[in-house]
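Right, one structure below, let's go through it.
Quick note on labels: first sequence line is chain A, next is B, and so on, each numbered from 1.
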Amino acid sequence: MDRKNIAFFSIFLFLAVNVVSLSNVIEGYYGEESGRVYLFTAIALISTLMATIAFFIWRKEEYRK
Amino acid sequence: MPKENKNNNHHDDKDMMKLVDNLNRKEDASLNRRAFLKASFGATVAIGIASAPFSALSYFKGDGENDHLVEIANVDELGVGESKTFSYPTSENPAILVRTPDDRFVAYNNKCTHLQCPVFYEVKENILLCPCHKGYFDVANGHPMAGPPQRELPKILLEVKNGKIFAIGREVRHG
Ligand code: FES
């Protein structure tokens, strides 16, 4: 697999990570487990950042003439 | 006759060419793929950012208010198998005090952990029941037994002193 494909598929991986994190954050929030809320918020933000990087890598390769 | 035929063929070819133009599948697929990836990326960012407000809220909410002493009832106010509602730790946290058939006092916040309907005590089955979607909780420990709820009811710690029942604290997750 080349860079472009890896970037392409990793975005779906990060999407899945974010969905799982969000559900954990909500569970933690209502269970008043602030540790769990912070942990999964951090995971979600890191995975969002990595998805952004992956997106720009993909865009650069995709639109290269 | 053969000449006409040839002409016809020529037309057919032209039409086919147009159709083939319409069906430039490679480009079509790649444009859809691009749009799909962009939408997925947007969803990833939106879902990722959506978790941040919960962190802020739970930071500002703090944990400090879970442990003050409040008088709930007199011991003789409740017969065995009866229940009473009150609020703890704040007036926004409705709760239920139950005197179980084996003569113990237990109390839980009675907002259902599914979608926050009030939970009631069913003495016949000795169970806490949420009528909204038939969620059942164990009276002994507040854990969900059947139906949609996944999380236990917050448990209110009690103390019986001089014939009075006090709430002295709360454990949101327990057991
Ligand atoms: S709100 Fe209690 S079961 Fe749905």
- OH-CZ distance between Tyr30(A) and Phe54(B), expressed to the nearest 0.5 angstrom: 6.0 Å
- Message: So Ile96(B) and Phe86(B), do their side chains get closer than 4.5 Å, heavy atoms only?
- Response: no
- Contacting region of Gln116(B) [heavy-atom separation from chain A under 4.5 Å]: side chain
- Heavy atoms only, distances under 4.5 angstrom: which of Ala51(A), Ser47(A), Ala54(A) has the most pairs with chain B? Name it, please. Ala51(A)
- What option among Val25(A), Ile26(A), Thr41(A), Val37(A) has the most heavy-atom pairs under 4.5 Å with chain B? Thr41(A)
- Query: Side chain, backbone, both or neither: which part of Ser21(A) has a heavy atom under 4.5 Å from chain B?
  - Reply: neither
- Taking the inter-plane angle between the rings of Phe41(B) and Phe55(A) on a 0 to 90° scale, is it parallel (under 30°), tilted (30 to 60°) or perpendicular (over 60°)? parallel
- Scanning both residues in full, the closest heavy-atom pair of His143(B) with His174(B) reads NE2-O, 3.0 Å
